[in-house]
Amino acid sequence: MERIITYAKALSEAIDMCMAKDDKVYIMGLGVPDPSGFFGTTIGLQEKYGKMRAMDMPTSENGMTGVAIGSALTGMRPIMAHHRMEFALLATEQIINQAANWHYMFGGKSSMPLVIRMFIGRGWGQGPQHSQSLQAMFAHIPGLKVIMPATPYDAKGLMVSAIEDNNPVIFLEHRWLHTITGKVPEAIYRIPIGKANIARSGSDVTIVAFSYMVIEALFAANILMKLGIDAEVIDMRSIRPLDADAVLESVKKTGHLVVADQAWKTGGIAGEIIAIACEEAFGFLKAKPVRLTLPDFPSPSTPGLTRYYHPRAINIINSVLKMLGKNEKTEEELDIVQKSPLDIPNKEFKGPF
Amino acid sequence: MERIITYAKALSEAIDMCMAKDDKVYIMGLGVPDPSGFFGTTIGLQEKYGKMRAMDMPTSENGMTGVAIGSALTGMRPIMAHHRMEFALLATEQIINQAANWHYMFGGKSSMPLVIRMFIGRGWGQGPQHSQSLQAMFAHIPGLKVIMPATPYDAKGLMVSAIEDNNPVIFLEHRWLHTITGKVPEAIYRIPIGKANIARSGSDVTIVAFSYMVIEALFAANILMKLGIDAEVIDMRSIRPLDADAVLESVKKTGHLVVADQAWKTGGIAGEIIAIACEEAFGFLKAKPVRLTLPDFPSPSTPGLTRYYHPRAINIINSVLKMLGKNEKTEEELDIVQKSPLDIPNKEFKGPF
Amino acid sequence: MELKISDRQSYREYVNELKNGDLKLFYYDMLRIRLVEEKIAEIYPEQEMRCPVHLSVGQEAPAVGVCKALGKDDFALSTHRSHAHYLAKGGNLKAMLSELYGRETGCCGGKGGSMHLNDPSIGFYAVPIVGSTIPIGVGIALGFKIQNKSEVSVAFFGDAATEEGVLSESLNYAALCKLPVIFICENNLYSVYSPLSVRQPAERNLIDIAKAHGVEAFKCDGNDVVAVYNATTKAVEKARIGGGPTLLELSTYRYYEHCGTNFDNQLGYRSEEEFNLWKAKDPLKMLALKLVEDDNFKLEIEQMTKVINLEITDAFAFAKSAPYPDEASLFTHLYAK
Amino acid sequence: MELKISDRQSYREYVNELKNGDLKLFYYDMLRIRLVEEKIAEIYPEQEMRCPVHLSVGQEAPAVGVCKALGKDDFALSTHRSHAHYLAKGGNLKAMLSELYGRETGCCGGKGGSMHLNDPSIGFYAVPIVGSTIPIGVGIALGFKIQNKSEVSVAFFGDAATEEGVLSESLNYAALCKLPVIFICENNLYSVYSPLSVRQPAERNLIDIAKAHGVEAFKCDGNDVVAVYNATTKAVEKARIGGGPTLLELSTYRYYEHCGTNFDNQLGYRSEEEFNLWKAKDPLKMLALKLVEDDNFKLEIEQMTKVINLEITDAFAFAKSAPYPDEASLFTHLYAK
Ligand SMILES: Cc1ncc(C[n+]2csc(CCOP(=O)(O)OP(=O)(O)O)c2C)c(N)n1
Ligand SMILES: Cc1ncc(C[n+]2csc(CCOP(=O)(O)OP(=O)(O)O)c2C)c(N)n1
Ligand SMILES: [Mg+2]
Ligand SMILES: [Mg+2]
């Protein structure tokens, strides 16, 4: 089964299959029935399942999250979608105080199947209020699960798992991923939430990444290979639960750790992974661990600044080189200068998001 | 000047002095003019400064945060107070998207003097929605400052600095601290935001803490001294900006690091501090660093469970003993069994909060 | 006359036979709530119920009047002040008191405390974030509607909750989808110590706000349990047949302090006069007036009181002697299977 | 006739002398906004303005009618769709275009992009989170009131923003404190592709919502710049003397797609018929009708167009040739001193 489809198509397929299989599953969000259909992930759902199961909604993120939660208490399995994570901040109270707590605080008597999709990430000058990546905020909260798939295959399998999960799941989609392609089986399948994937095995250094940074990490690993360095790339896939074992096993093998996260450094998940490695694999690390993150500054709009703001493969490569005591290289030397502008996901993209 | 007053009084004095000095300073919050006056920190302000400068407000946390922000744009210096951090979650959008970003995203053209006080912490069965400590969430955000004073002296000096700061400051008060006492000068004074304090110097181990955990850490350090271990206690005072230098200097000296934070482990600030130590003082650490935090579970109500939930001095002591290769002890052996129940700040407290 | 009422169930059977049986049950349920709350107030100072409590004494009529109009499978959502709602909806008294005592027999296994009473089997949840259960109540109604069920959902909230924007969002969506939800605002004039005047402009009118959002709305005397029952019954009937949401604003008053078990008029945030005015139209008193024609009613009240007190004594004994949850249960129920 | 209008300033001076001078200035400002927006639409496909843009073509009258009623020290708060408001309030065109081009000469130094136009010196801020500037506008009014200033604050927002609960919170507080704030809802019938009918119940009425919160409110033809100006002027006068807030709902329509620079009627989310209906009452056309009695007006329009186009050409050239901010500026302005 060598079918190649996009990440967006993989997601749309997962949602569609789950809706077909279980009439308790429904999806709501601003613009779910739009022609653009959440980057193509919700197109056709309203035609197929009707307005009550694929619904537009008022611009009332807080209230509508409460509505989704309430419906879950009657056995429904809501999927809520937000075009930008920032809009979901209006619903923080419902997500953190309510959704995350109900199962525990009511002594296990109620469950809360709920998927909240939020788009994150960079590009095309969206700037300070439309391209923040606040995954750490949600990953800090017990009771939530937080998923950040990087590949079409994972997107489908993890979306199915998220929808079938009886807990609130924050499903984060970097908007540069929707157009990438990969092998995806046609049948329904599940990927367990909380299990990392060894995206590339290697022996010299461990590169941990998730979501879009996996793409950069794999690219970096290929270049590193040419430089004689065999990197292991771990795609965390979920950041809560966090698969510490996968990280630790790899670090114990390689003795070197680089973590790449397209989010702020201080209090971010990259730091968490480094802390775990230091606590649990102390003595195995042969060099100080490094995290590659956004600098601790708001997200600027102009391509004049975003080019310096986002860590890329070259930064990963140089972190590894430095860690291994080698000389750093430029993109020119490595012949990996990107031809299309750095603020768009691919040459075809004509803006805006 | 050996005046001893409570943490609450120190705060109330700081607010009063700033209001007297600058008529742009005002305070708003649900119950500001209440007889209980935010644990005694706002009593008398309305009588003195009138209803427009010491104001009650509608239960509209999101809107009122926007109102505070707007007023700051006209030169006012608002202080907003929340009895529980959970209520402020309704205002996450205004705090994170707006307050934190405006100075940067408008190219430095506007400033946002704004203090948001939130009470955090444990006690008297408040449970899952009234005793969460979400400091990591705010400490992750560039543009915010996050202060967590542990002593009456710091409370006053940091509150003055916060009010005079031209940026949004999240001022977190653990509700077990308001009744503690300490030396506080009568005159106005400032403590720089972002500078840690060596609360106790020592050479064998570094214990990093902030807010209420500083009290437990100092207690632990005293016991450790009796056991022949000389602990350095660093009171971070602010968690953003985070005084990494203070931590690193100490760790380079002691080679041992314990971080105590009354918040969840995963994605918490304790992990951030450990990550920094591992990145920047790699090679100086003689044992794996340890963090003492809440377990990654919601905050339960019953004293039957909270006794196991919150890290205390004994846990710090044993972490240190273990790290130094010594035998762990019980509270009985150390003769530090607490006589009053573990869910109240002191014997006098008769509940509820 | 000797009544054969040895427990709540048999009292129910007994009054069902009588004329005015419904009203007597209303009385019985209100009295039971009041006696439970007063018992809590009495022994809270023992410091064994180690969680914040918000008593409903004075506000029994909204709880009973509304819940009597509901079926077991209808849902009611409540707030920090939920004891009355929980009991009126059919919550288990032992589970409630156990929860206040933090015991493993509590309705949250001790994890929630007084502010998180719940029982999914009778359609009841309460949480203490002001306003937050309003949209959840709407969502339950959405769930019923999508599933073509005839159940309705009720969201109880206080006057302060009407200041949260989420009410407006909830009204809008409920009206948009004609959802079977009933918004019950118990206006007791205060939010903690703050009177309405410092929180809402004088010109503001909740009924008009609801109507302007497309939600039918009525005011109703919240001390008159029968009026509350009738208004709710109408709203429920309408909701069940797809007629959409209704909001009821019930005037009411709490007797005790906001949180805790003392009387606090001496603080001066409300006047003794106002307090006495409201006590004069106490919901139990008002209902008793309707029932006095029935000669035996005074006697019945005595009997009821006895029966209820027996139940209460029993339930407190049960709660107090139940064990705390064990350490292991701290680590259970993080995720649902 | 040859008019001596070589720049905006001299055109102002010129028309100030004439009868109908005000109306001509209204026209001039609306035309300028439209020509700027159309120029953006024309060259956006060059892909040098690398940020999302939301054009205001069709919605010039609310911007100009409202801002003409304001003084320089009054504040206006806006949204994702802020070009018109920024220009009408007196924002600098070069700084705006530079910001769209991400240059260091932009009004945010390139950090914000089209959605964050601002200029504190003329009292203007815009951010693209729907509804979020509404309470900020109220807060500015609070600041004025505490400081006994006579300035007013205006919050512009769209019809979708009325679904955010924060509007209700803002209305309540503005009315409670009688704040000098004017709420301007530009109802253009759509939120992105979503018509009102999928977001708000038919019975819903924004004017009544405002009134029920204690805020005076009026509907007004948002294509009639004079009507908008008059309604706003009344609201401003009232606000300046402590009379409290007003809400105006202005009917209007956007011509371009929600975000971006194409026409998108072909998608089918709105009908060609509806579109043409609105174009028939285009705000510039409507105002021109009022001015036709003046024989020279057609000629004046041509002259104005020339002047404005010169300004626009100049401003684009300025923006395009300005440098990007340097790397170091990424790390400036995190905290204010
Ligand atoms: C969002 C939020 N803000 C503030 C509080 C603190 N608080 C607890 S109860 C209460 C008063 C609520 O008043 P009302 O809704 O009228 O209910 P009542 O207590 O009168 O029954 C407040 C403000 C809270 N629990 N949640
Ligand atoms: C809180 C929030 N939710 C969603 C969005 C996405 N969004 C951007 S513009 C827009 C439509 C707003 O419609 P309206 O307020 O009517 O203004 P218009 O675009 O019609 O001028 C939406 C939903 C947002 N920016 N902020
Ligand atoms: Mg009340
Ligand atoms: Mg619109």
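A, B, ... follow the sequence lines: proteins, then strands. Residue 1 opens every chain. Being a predicted model, the structure only gives us computed values, none of them experimental.
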So which of [options] has the biggest tally of heavy-atom pairs under 4.5 Å with chain A?
| options | answer |
| --- | --- |
| C:G143, C:A174, C:S329 | C:G143 |
| C:N172, C:V138, C:D119, C:I146 | C:I146 |
| C:C177, C:G109, C:P120 | C:P120 |

Where does [X] contact chain A at under 4.5 Å (heavy atoms): side chain, backbone, both or neither?
| X | value |
| --- | --- |
| C:L167 | neither |
| C:I134 | neither |
| C:A155 | neither |
| C:L171 | neither |
| C:T332 | backbone |
| C:N118 | both |

Are the side chain of A:N166 and the backbone N or O of C:K337 linked by a donor-acceptor pair below 3.5 Å? yes

Any donor and acceptor pair, going by atom type alone, linking the side chain of C:K145 with main-chain N or O of A:M52 inside 3.5 Å? no

So which part of [X] gets closer than 4.5 Å to some heavy atom of chain C, the side chain, the backbone, both or neither?
| X | answer |
| --- | --- |
| A:M55 | side chain |
| A:K24 | side chain |
| A:L144 | backbone |
| A:P142 | both |
| A:N62 | both |

Once you round to the nearest 0.5 Å, how far does [atom1] of [X] lie from [atom2] of [Y]?
| X | Y | atom1 | atom2 | result |
| --- | --- | --- | --- | --- |
| C:E169 | A:T59 | CD | OG1 | 9.5 Å |
| C:I129 | A:I96 | CD1 | CD1 | 11.5 Å |
| A:M76 | C:L142 | CE | CG | 7.0 Å |
| C:Q147 | A:D23 | CD | CG | 8.0 Å |
| A:H103 | C:Y335 | NE2 | OH | 11.0 Å |
| C:H116 | A:Y104 | NE2 | OH | 12.5 Å |

side-chain contact (heavy atoms from CB on, under 4.5 Å) assessment of C:S132 paired with A:E93: CA-CA 8 Å; C:S132 294; A:E93 193 286 314; 2.6 Å; yes

Over 60° means perpendicular and under 30° means parallel, so classify the ring planes of A:W102 and C:Y125, tilted if in between.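 Geometry flag for A:W102 against C:Y125: tilted rings.
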
Please report the closest heavy-atom contact between [X] and [Y], naming both atoms and the distance.
| X | Y | value |
| --- | --- | --- |
| A:S111 | C:A336 | CB-CB, 3.6 Å |
| C:P135 | A:Q94 | CG-NE2, 3.5 Å |
| A:T74 | C:I140 | CG2-O, 3.5 Å |

Less than 4.5 Å apart, side chain to side chain, heavy atoms only: is that true for C:Y173 and A:P58?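 Heavy-atom side-chain distance check passes, below 4.5 Å.
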
Assess the residue pair A:K109 and C:C107 against the criterion (side-chain contact (heavy atoms from CB on, under 4.5 Å)); give the C-alpha distance rounded to whole Å, side-chain angles, the decisive distance to 0.1 Å, and a yes or no. CA-CA 9 Å; A:K109 280 201 267 167; C:C107 57; 3.8 Å; yes

Please check if atom NZ in A:K21 has more than 12 non-hydrogen atoms from other residues, nucleotides or ligands closer than 6.0 Å.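 Yes, NZ of A:K21 has more than 12 neighbouring heavy atoms, counting only those of other groups under 6.0 Å.
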
Is it true that atom CD of A:E249 has more than 12 heavy atoms of other residues, nucleotides or ligands lying nearer than 6.0 Å?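 Result for CD/A:E249: open.
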
